[in-house]
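Structure, as structure tokens:
Per chain, numbering begins at 1; letters A, B, ... match sequence-line order. What you are looking at is a predicted structure, and each value in this text was computed from that prediction instead of being measured.
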Amino acid sequence: MEQTPNAPVDESALNAAFEAKIAAGDSIEPKDWMPERYRKQLTRMMSQHAHSEIVGMLPEGNWITRAPSLRRKMSLIAKVQDEAGHGLYIYCGTETLGVDRYDLFNQLLDGTAKYSSIFNYPTLSWADMGVIGWLVDGAAIVNQTVLAKTSYGPYARAMVRICKEENFHKRQGYEICATLANGTPAQREMLQDAVNRFWWPSLMMFGPSDKDSPNSAELLRWRVKRKTNDELRQRFVNLTVPQAQAIGLTLPDPDLTFNTATKNWDFGEIDWAEFFEVIKGNGPCNKERLAARNKAHDDGRWVRDAATAYAEKQKARAKTEAA
Amino acid sequence: MSAAAAGHEDEPGIAAGEAAAGTRAVAGARRAPMGDPIVELLLRLGDDRLILGHRLSEVTGHGPILEEDIATANMALDLIGQAASMLRLAGETEGKGRDEDALAYFRDAVQFRNCLLVEQPNGDFGQLMVRQFLFDAYSVLLLDELSRASHAGISAIAVKALKEAKYHLRHSSEWVVRLGDGTEESHARVQRALDALWRFTGELFVADEVDAAAAAKGAAVDLAGIQSRWNAMVDEVLTRATLTRPADAAMQRGGRSGRHTEHLGHLLATMQIVARSHPGATW
Amino acid sequence: MAATTGTNGSTGDSHWPLWEVFTQGAQGQPFEHAGSVHATDAEHAMQNARDVYARRGEAVNLWVVPSSAITASAPSDAGPFFDPGNDKAYRHPQFYKVPRGVKVF
């Protein structure tokens with residue numbers, strides 16, 4: 001968006017006005033002046049979030065064709081479709097910052113952009129569809145509920161829409177888990193195995209511990225983030241443990257104990273070495289995920305070009321007719 | 001539905017490879033006494049939409065652009081939703097305790113009644129849209145007639161499905177035009193897809209004894225009339241798209257009596273694997 | 001809104017223009033901004049908007065507008081544009097007294 005300042009810009013005054021808005025809890029809107037660093041941090045965070053939604057379509061999309069009932073098949077398609085929608089809403093938010101979705105997309109495709117580490121784990125059984133909905137979407141909802149109050153208006157509004165839609169994701173996931181838990185021995189075994197694989201990666205979704213999270217302090221000060229990674233992770237664990245108990249599942253952490261003093265569920269040490277390996281691109285499916293996104297993009301190029309060419313022809317025809 | 005095919009109802013665990021009973025049944029199906037024509041008609045309607053919806057669902061998340069991923073998923077959802085209600089009614093009418101899932105997951109390829117067009121494997125996006133367009137035009141005309149059927153169950157389903165089908169047709173025909181009249185490459189690709197799929201369109205309009213018997217039970221469809229309107233609709237869009245209508249030579253048929261192309265078996269092997277691996281389980 | 005059209009030199013990929021989407025939630029309600037989509041023309045934008053922003057029955061009508069066609073007020077206009085409206089109390093019904101006991105309002 002173009003700013004056409006009438007008078008010479010006084011950065012310090014603008015900055016003071018910006019900080020005052022933040023302090024007052026007002027939302028920052030696209031045309032408002034904002035420090036370059038705020039714009040940059042937001043772009044980084046929003047694009048990572050959008051990329052995660054887009055890559056997140058793949059592990060679940062992997063089971064659409066094998067869903068064991070028509071109802072489950074439809075829920076899963078609708079869920080994966082929502083992820084495309086959510087990616088799109090957040091990319092819309094970045095476009096208000098003057099960042100083109102196509103450019104962000106290219107960063108995803110060439111491997112320079114980050115996305116949530118969880119989607120680099122493979123989906124190996126139908127139970128994974130339940131566990132992803134329950135744990136992965138559950139973790140995402142904890143994150144996003146807080147982001148709905150983020151200081152940047154377009155991001156907050158996208159989050160409000162997304163949170164509303166995501167409630168069904170977690171419930172359908174938990175329903176799958178509960179059904180499997182009440183099912184045959186083979187179904188129960190399938191479910192426990194999926195929980196064993198996805199529990200720790202779900203905890204990693206909240207990002208590094210606060211002491212190792214370089215961007216956190218600044219993002220919190222600007223109210224882009226409203227809670228620290230560790231606070232959100234703890235909230236997720238507290239919510240999830242009773243849900244696991246309710247359907248007779250064992251969470252794969254021998255250190256998981258209820259702390260009567262803090263009223264929190266204490267949990268064991270996360271394998272951060274694994275986390276950073278996955279972030280670096282060495283997770284079980286990083287290569288496959290990027291390859292799939294690149295293939296879809298490359299295969300679609302002629303389609304995008306054709307639509308553009310057709311629109312241009314139509315415009316030219318309209319002009320000729322008018323002349 | 002033949003008697004032997006219906007006999008699977010109590011053995012949902014039958015493996016895909018053990019299709020001998022079903023094969024035998026269908027080999028004799030043309031001479032065997034026809035089951036309830038309403039059931040047979042609903043299986044044709046439901047299977048068309050289930051198989052096409054499944055094909056579309058295969059590309060969820062792999063579309064040419066985000067907006068189109070969402071649109072394709074919408075069409076898949078509509079079609080599978082239509083299939084579920086059609087197969088449910090088929091099962092209820094049949095009265096042998098089979099629900100939509102039993103029909104979708106525990107029949108073998110030869111027991112499916114979908115047309116050959118919808119089971120053709122996905123090619124590029126142009127092929128997807130051509131297949132969709134050819135089917136949508138047929139579907140809109142067919143559902144329009146069925147929405148006025150005196151059979152209450154069928155007309156209720158058709159009324160709802162017709163609204164969805166009209167939107168699908170709008171979407172797929174716009175893409176056929178855009179791609180046909182887009183770039184040289186896109187034109188060549190969709191023309192190729194059209195040429196390859198054309199031989200599966202003749203089957204859509206072949207009326208047989210099921211159609212005659214269903215008409216007598218309140219679900220009359222004038223397939224000859226539908227064909228001439230379909231021709232006009234398709235010609236109009238192909239002209240806008242600068243595409244050449246292929247010649248009507250050598251049409252393939254067989255889907256309505258269970259004689260499919262080899263592709264359907266592979267589709268079902270994937271679709272049914274989890275359900276069949278856990279006989280008796282609920283999901 | 002940042003409307004970006006034209007061609008991205010780095011990949012040779014064609015860019016579809018951005019359209020803003022407005023949805024009407026129910027007959028008689030005002031249209032509200034819902035978000036944006038990329039599309040090549042108005043019909044295309046309309047279809048994409050329908051699939052993206054009305055898939056849960058959130059809308060009974062849609063508007064799509066090329067983002068580049070929207071002119072927005074600038075933050076620097078905020079004072080001169082909007083403050084003068086704040087002290088015109090006589091534009092509001094509460095400014096006027098109604099005799100006690102009259103219930104018609």
Side-chain angles (χ1 to χ4, degrees), chain A residues 1-7 9 14 17-18 21 28-34 78 81-82 84-86 88-103 105-106 109-110 154 157-158 161 164-165 168 297-298 300-312 314-315 318, chain C residues 1-23 25 32-59 64 66-82:
Chain A
M1 72 227 69
E2 272 95 300
Q3 301 251 6
T4 42
N6 302 319
V9 183
L14 289 171
F18 170 83
K21 266 194 160 178
I28 305 298
E29 292 300 328
K31 292 199 127 195
D32 289 343
W33 185 89
M34 60 191 87
Q81 180 193 43
D82 273 352
H86 297 171
L88 201 149
Y89 303 158
I90 305 168
Y91 284 130
C92 281
T94 63
E95 298 196 88
T96 64
L97 289 167
V99 185
D100 191 337
R101 182 174 111 193
Y102 289 85
D103 295 335
F105 218 76
N106 283 331
L109 296 175
D110 68 19
R157 289 193 285 276
R161 185 177 273 271
K164 237 191 262 168
E165 298 187 352
F168 114 73
H297 189 76
D298 294 344
R301 176 164 292 126
W302 70 271
V303 177
R304 297 189 297 274
D305 288 347
T308 301
Y310 175 74
E312 279 166 8
Q314 288 294 91
K315 245 185 245 167
Chain C
M1 305 292 128
T4 319
T5 57
T7 301
N8 178 346
S10 61
T11 62
D13 202 348
S14 58
H15 279 204
W16 293 357
L18 194 65
W19 300 68
E20 300 302 322
V21 179
F22 297 81
T23 54
E32 280 183 16
H33 185 241
S36 57
V37 290
H38 286 273
T40 50
D41 55 45
E43 164 68 13
H44 191 202
M46 191 59 95
Q47 292 192 11
N48 287 348
R50 180 258 191 198
D51 285 321
V52 174
Y53 293 104
R55 64 185 190 283
R56 281 179 167 77
E58 302 97 324
V64 291
S67 304
S68 57
I70 291 183
T71 308
S73 58
S76 56
D77 292 335
F81 265 50
F82 307 116

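- Taken from OG1 in Thr96(A) to CD in Glu20(C), the straight-line distance is 9.5 Å, to the nearest 0.5 Å.
- With sequence neighbours left out, the side chain to side chain donor-acceptor pair (under 3.5 Å) criterion links Asp110(A) to Thr112(A).
- How far CD of Glu312(A) is from OG1 of Thr40(C): 10.0 Å, rounded to the nearest 0.5 Å.
- The two residues Val303(A) and Trp16(C) come nearest to each other via the heavy atoms O-CZ2, 4.4 Å.
- Proximity to chain C (any heavy atom under 4.5 Å) is restricted, for Tyr310(A), to the side chain, taken from C-beta onward.
- Ranked by non-hydrogen atom pairs under 4.5 Å with chain C, the options Ala78(A), Cys92(A), Ala84(A) are led by Cys92(A).
- A distance of 9.5 Å separates NE2 in His15(C) from OG1 in Thr308(A), rounded to the nearest 0.5 Å.
- Residues from residues 47-58 of chain C that place a non-hydrogen atom less than 4.5 Å from a non-hydrogen atom of chain A comprise Val52(C), Tyr53(C), Arg55(C), Arg56(C), Glu58(C), given in numerical order.
- Heavy atoms of Ala34(C) lying under 4.5 Å from chain A belong to its backbone as well as its side chain.
- The environment of CD in Glu32(C) is sparse: at most 12 heavy-atom neighbours from other residues, nucleotides or ligands sit within 6.0 Å.
- Heavy-atom distances place the side chain of Phe168(A), and not its backbone, under 4.5 Å from chain C.
- Among Gln314(A), Arg157(A), Arg101(A), the residue with the largest count of heavy-atom pairs under 4.5 Å with chain C is Arg101(A).
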